[in-house]
Every structure is written in structure tokens, then in C-alpha cells.
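On a predicted model such as this, the values are computed, not experimentally measured, just so you know.
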Protein chains: 2
Amino acid sequence: MSRKPRIRSGGGATMHDVARAAGVSAITVSRALNQPQQVSPQLREKVMQAVDALAYVPSRSARTLASARSRTVLVLIPSLDNTVFLDTLAGIESVLDAAGYQMLIGNSHYSAEQELLLLRAYLQHQPDGVLLTGLTHAAPFEDILRRRALPAVYMMDLADDGRCCVGFSQEAAGAAITRHLLERGKRRIGFLGAQLDERVMKRLDGYRAALDAAGLRDAGLEWLDPSPSSMRMGADMLDAALAARPDCDALFCCNDDLAIGALARCQQLGIAVPQRLALAGFNDLQPSAWCTPALTTVATPRREIGSHAARQLLRMIDGDEPDALQTDLGFQLMLRRSS
Amino acid sequence: MSRKPRIRSGGGATMHDVARAAGVSAITVSRALNQPQQVSPQLREKVMQAVDALAYVPSRSARTLASARSRTVLVLIPSLDNTVFLDTLAGIESVLDAAGYQMLIGNSHYSAEQELLLLRAYLQHQPDGVLLTGLTHAAPFEDILRRRALPAVYMMDLADDGRCCVGFSQEAAGAAITRHLLERGKRRIGFLGAQLDERVMKRLDGYRAALDAAGLRDAGLEWLDPSPSSMRMGADMLDAALAARPDCDALFCCNDDLAIGALARCQQLGIAVPQRLALAGFNDLQPSAWCTPALTTVATPRREIGSHAARQLLRMIDGDEPDALQTDLGFQLMLRRSS
DNA sequence: TTGTAAGCGTTATCAA
DNA sequence: TTGATAACGCTTACAA
């Protein structure tokens, strides 16, 4: 009948230790910490003193196990190298922090497979909800969410299929910036695309739609490369584009990295921007306002997408309906000297 | 005597469910998953089938509670807006992922207080170890680590006091880039500093030491501002510096953001870089190679710092000694057209 | 307002 | 190689 108490890991005090020190029961400690108004001021005071004295830190795993709520949210993003997602994370963080939730960050490296693996792995933590980037995911993904009744909010884009999304229309943004180039009098407008994720392809769709509407679409003016974008790649793609189509008079680059690289290359080659070739990017990263000439681009409400998505998710976790299934946070054309 | 089984949260299968389905005991399932070699191939096979059939996902909290090991590492960084720390995170992630560890990311927003709060909050997850940025932390910080016997690795800098660090000498790097400006014939070399965190101040120390050695130090050539750095701030600081000291012939900016902003401002003002004013930055971010003129800066092994620190930490968690207490991963001067 | 008892899902211990 | 049992630290349900 010999009990063999195991060795505690952290060596820290447990709730029972605190209870003993305060001369109350464990459940009173629990309540003093989590629902203070349910405990009389005197006891509460005693408990808090014992907590301080013992430097008590509650165990999240025990709490999660007992309550079946982890107060944790899983955030899946395609990359940590991209300012866009970091700004989004910052927005999410601000809201979750304030609500006492913690976030688990999963980096899918732009791979739907990886993303599925991450979901499976992080499911072990029993997150209370999930924030996702984009609308397209591996086949079993949504099944898993549904089976577990896991609230999810989709960020960055819009869908009209019952999923809760916070973002803006990538396609409309792509079309808008293309129309701007048309208005500037450009007629042979090309598209430079890298990474080729879902959002880039929608910007491409928007670009095509705008040119179709103007009767100026030319498939020979599209350059697409699935490898990750970078400034170097922008420079290389500019070379390739001008070599293939010297008549091209404007380029919509799928993001600012590409555009800045292309712009720098134009400077080196002495190509007049925007007279000979207009350039536009996407996202309005910090350097875009500072390069020469300053880059025309599309500002996207990344931080707001993150914070709003987090708020919606918390509402769903609490069993309430989200404010609206779709939240369109819009975008803004930043018209500068490069166009 | 009525048992009242609670409602499960996720509705997912438990290890007991798997055990029942496979016709074995729960502990056998546990072993089949965690120490497969201890279970006969037949049973292992049966268990794996049941796992698949039930889409079983182990509960991390139960595991942590029972085993007192969370297989989780806490990473504390000062900012998510700074590429430097993201690259570091990427390095950490690659190592931890491969080892089956997950990371909890805490963003201290450059505040020691916040950092302490984060440590306290994340301690609830019983992390097996901690990765820290910089050497200076709030007073109770190291006490807490010691009391809990939590392995910790300090990233980005070097210390000779028994703590395990992975980084490079910020001071040596600051001195090296300053000496380079001296070698270029510059004599009134200024310093532009923002954020003023620990690392910036050490770069400043290096700058001062180099100028002292040359007998050219001039306190009137230092401009320091504690607010977060940005390109706009670099531009503004350049204006202020030249207004105060038109004789200044070179500027060492504490990071590339500042330097790129200053460079852009020089372009606007028609100041010849590097003839009239040489510029140098720090970190070698992507745009630095692409601005005009390309920016002289210091390349730092951020990703390697992250991955090496993570490896050291895993070793300590396993009870082994780290390879070396101090790992100097060095830095590299990137001499470009701006100097 | 406070306490008791049981249970959350897993692993450590010991026995077979 | 496999299993029974207790234990991890906390919270829910119910009782006082």
C-alpha cells in the first residue's frame, strides 16, 4: 500500500501547497484565482499572500486537462519571412494577449501538406480555435476542424461559403492597380509573379480581368515563377521580361519585394521609371515609400485583419456568432512616382 | 455512487478508446507510440490501425502532466517587426521541429518588464527550456530560471559569466565598421542610434572605442533616440544631424532601417554618398543590397544563432553539457558603394 | 461562501 | 513484452 510520490518537475508549489499555506481548500485557491468575486475578501487576501510567498505558478496542462479549455489559439501562417504575416501576427497578438489567450504559431512554409501536419501536431494542445491564412487548404483540413467543432477564421481573403473570413478581395485589388496603370496611358502591361500562392493567383486574375475589360490582355506579358519572391528575383525577372518583350511599358509585380528588385535593376540599366516603364507592387512595405522613385503599390490592412480575425474567433469560442461572416477590410492604392 | 462522466471537449478519441479498439491496454498504446521498439510488431500494427481508424490525437496536457516534460521551448524576443528576430526564429524552428519540440513565442516589445511578465505567464506551460535575446533582463528573471532549474541560452551577444550564449560581439562589430569608415579617410564620423536597446548601446561602445583609438571621438556627433527605428526616422535623424553638424563626413547607423532612410534622404537632397557623406548600417537586410548606392553594412549570422542556440538548449534539456558556454558566430563587413 | 469527491488523459512504477 | 494501478495538478458537480 506504499504510495510513491513522483518527483515534481519544476519543483514549484502546487495549488494544494498554496491551500495548505493559506489554511483553505484547494478549490478555494482555484476560485480565488479564477473567479475572485466568489471568494470572501479575507480568504482571497490570505490566498494571494500564500501565492506570492510560494511563488506559485498554476499548471496550464492540469488546467487544460481538467477544464477542457486550453485558452490557446492556433495561428497558421505561410511564412515567417514575410512582413505581411508578421504584421498580421502583431494584430492577433494584441487582441489575444488582452483576452488572456496565448497563441501557438505554425509556419506552413507555403505548403498545404505541411499545414495539415502542423494542424495535426498542434491539435495535441487542444487549441480553442484556429486562425488560418487563405481559403484553400488540404482536403482533410476542414473535416478535422468540423469533427472537432473547432472555430476557425480565415484571414486575408473573402469567401461567400459560410466560412468566417476577414480580409479583402485580392482580385479586386489586382484589378484596381492594373486599371490605374491603364489610366496612366500604359498599354502593354505585364505581370511579374513569384511564389504563386493562392493570393498571388487571385491578383493575377484581377489583372487579367482589368486588361480583358480594356481589350488589352496579352498572355505573352505574364511571367510566373513558383519560387519564393525576393528582390534579386525581381531584378532577374525584369531582365527576362524586357528581353522577351521590349515593348512592355508597365509591370504589376505581385509584391513589393519583386517590385523593388525590378526598380533597382531599372536604375542600374538606366531605364526611365515611369516614362519608359511604369512599376507597381503590392503590400506597401516600408522600403516602398523610400526607394527612388517611390513605389506605387497597394496598401493592405494586415494588422487590422489580424486583430479583427482574433476578435471574431474569440466570439466564436465563447459560443457567440461572429459579427459578420465576411469582413471586407478593403485596400488602398498608394500612387507614387513609379507609375 | 453514480459516476458522472464529463463531456469531453474535442470529442476526440482517447488512448483508452484506442486501447479498447486494438484489444490491448492503454499503456501498450502509449508505448507503441512513444517507444515502438518495446512493443511487439503485431501489437504495434494493431495499435497503429486503431489510431488511424479513430483519428486519435494524443493530449499534450495529459502527457505533460503525467511526464513532467512539456517538449516545449519558450522563445523570448524583443520584437516581431524586426527581420533580425524573425530570421533567428526561423533558425530555432528548424532545429526544434526536427526534434519534436514546439516553441512558444513571447514578444517583449523591447521591455524588460514585459519580458518578465511573459516568462511568468508562459511558465504555466512548464517549458523545458528558454531561449532569450540579449544578456540584460529584469532582476527576478534569472532567479526564476535558477529556482526552476530551467536551462536557458542567451542569443545575440556574448558573456563570460557562466551563462550559455550564442552570438557575436556587438561591440567588436561596431568598432570594425567604424574602423572601415576611418580607413576610407573619413574623420568626422557620426553615430545614429534608435531604440537604444542593449545591442545598440554596445555598437555605440564599439564606435566610441574605435574613434578613441584614432583620437577622433567627438561627443557632438552622436544622435540617440529611444523610439523604435524606422526608415522615416533615419531620414529625420539625417536632417537633424546635418543641421547640427554640417561638417560630419560619415554616419554609422545602428541598423539598416535607419541607414536606408538616411540614404534616401541624401538622394532627395542631392548629397553625394559616399563622397560628401559616407553611410553604413547594421544587419544586412535584403533591401540594403538593392538601394542606390548599395549600403555598406554588417552581416550578422542571425539564422545560425537561432539554430545553434536551439541545439545547445536541447543538449542542456537532455542533461548534457553544451558544447561550449560561449559560441562566437562572428559577423562580416559588407563593403558596398555607400562608403 | 466554502468544501468534498471524482474525474480529465496520460505516464511512472512495479509486478507478472 | 505486457498490464494493473496510482499519480500528475487542476476543475466540475454536487453538497453543506
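- At whole-Å resolution of the value, CE in A/Met15 and P in D/dT11 are 4 Å apart.
- Computed from coordinates, the B/Asp17 CG to C/dG9 P distance equals 8 Å when rounded to whole Å.
- Distance alone, capped at 3.5 Å, is enough to place a donor-acceptor pair between the A/Asp17 side chain and the A/Thr14 backbone.
- Between C/dG9 and B/Ser59, no contact under 4.0 Å exists linking OP1 or OP2 to a side-chain N or O.
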Side-chain donor-acceptor pairs under 3.5 Å in residues 31-38 of chain B, sequence neighbours left out?
residue, atom, partner, partner atom, Å
B/Asn34, OD1, B/Arg63, NH1, 3.3
B/Asn34, ND2, B/Ser30, O, 3.1

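- Of all nucleotides listed (D/dT2, C/dT11, C/dT10), D/dT2 comes nearest to the side chain of B/Thr28.
- In this structure, B/Arg69 places its CZ atom 14 Å from C1' of C/dA12, rounding to the nearest Å.
- Applying the salt bridge (Lys or Arg N to Asp or Glu O under 4.0 Å) criterion to B/Asp52, with sequence neighbours excluded, gives no partner residue.
- Side-chain atoms of A/Arg60 and base atoms of D/dG9 include no donor and acceptor less than 3.5 Å apart.
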Under 3.5 Å, which donor-acceptor pairs link side chains of residues 131-143 of chain A to any protein atom two or more places apart or in another chain?
residue, atom, partner, partner atom, Å
A/Thr133, OG1, A/Leu76, O, 2.9
A/Thr136, OG1, A/Glu198, OE2, 3.3
A/His137, ND1, A/Glu115, OE1, 2.7
A/His137, ND1, A/Glu115, OE2, 3.2
A/His137, NE2, A/Gly134, O, 2.8
A/Glu142, OE1, A/Tyr154, OH, 2.9
A/Glu142, OE2, A/Tyr154, OH, 3.4
A/Glu142, OE2, A/Arg163, NH1, 2.7
A/Asp143, OD1, A/Arg146, NH1, 3.3

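- The separation between B/His125 atom NE2 and D/dC8 atom C1' is 17 Å, rounded to whole Å.
- Between the side chain of B/Gln312 and the main chain of B/Asp323, a donor-acceptor pair closer than 3.5 Å is present.
- Protein atom CG of A/Leu65 is 12 Å distant from nucleotide atom P of D/dG9, rounded to whole Å.
- In the helix from C/dT1-D/dA16 to C/dA16-D/dT1, the terminal helix axes, each the rotation mapping four pairs' C1' atoms onto the next four within five end pairs, subtend 30°, rounded to 10°.
- Between the CD1 atom of A/Ile27 and the C1' atom of C/dT1 there is a distance of 12 Å, given to the nearest Å.
- For the side-chain hydrogen bond (donor to acceptor under 3.5 Å, both in side chains) test, residues two or more places apart in sequence or in another chain that qualify with B/Ser70 are B/Asp128.
- Applying the salt bridge (Lys or Arg N to Asp or Glu O under 4.0 Å) test to A/Asp320 and every residue at least two apart in sequence or in another chain returns nothing.
- Every residue two or more places apart in sequence or in another chain that forms a side chain to side chain contact (heavy atoms under 4.5 Å, CB included) with A/Ala50 is listed here: A/Val18, A/Ala21, A/Ala22.
- For B/Asp160, the side chain to side chain contact (heavy atoms under 4.5 Å, CB included) test picks out B/Gln326, with sequence neighbours left out.
- Closest-nucleotide positions on DNA chain D for B/Ala62 and A/Ala26 were compared, and the one nearer the 5' end corresponds to B/Ala62.
- Heavy-atom distances under 4.0 Å link DNA chain C to B/Asn34 of residues 33-52 of chain B, given in residue order.
- Between A/Gln126 atom CD and C/dG9 atom P there is a gap of 8 Å when expressed in whole angstrom units.
- Distances were taken from every side-chain heavy atom of B/Arg31 (C-beta onward) to each of C/dA12, D/dG3, C/dG9; the shortest belongs to D/dG3.
- For the pair B/Ser67 and C/dT10, the criterion of a side-chain N or O lying under 4.0 Å from OP1 or OP2 is not met.
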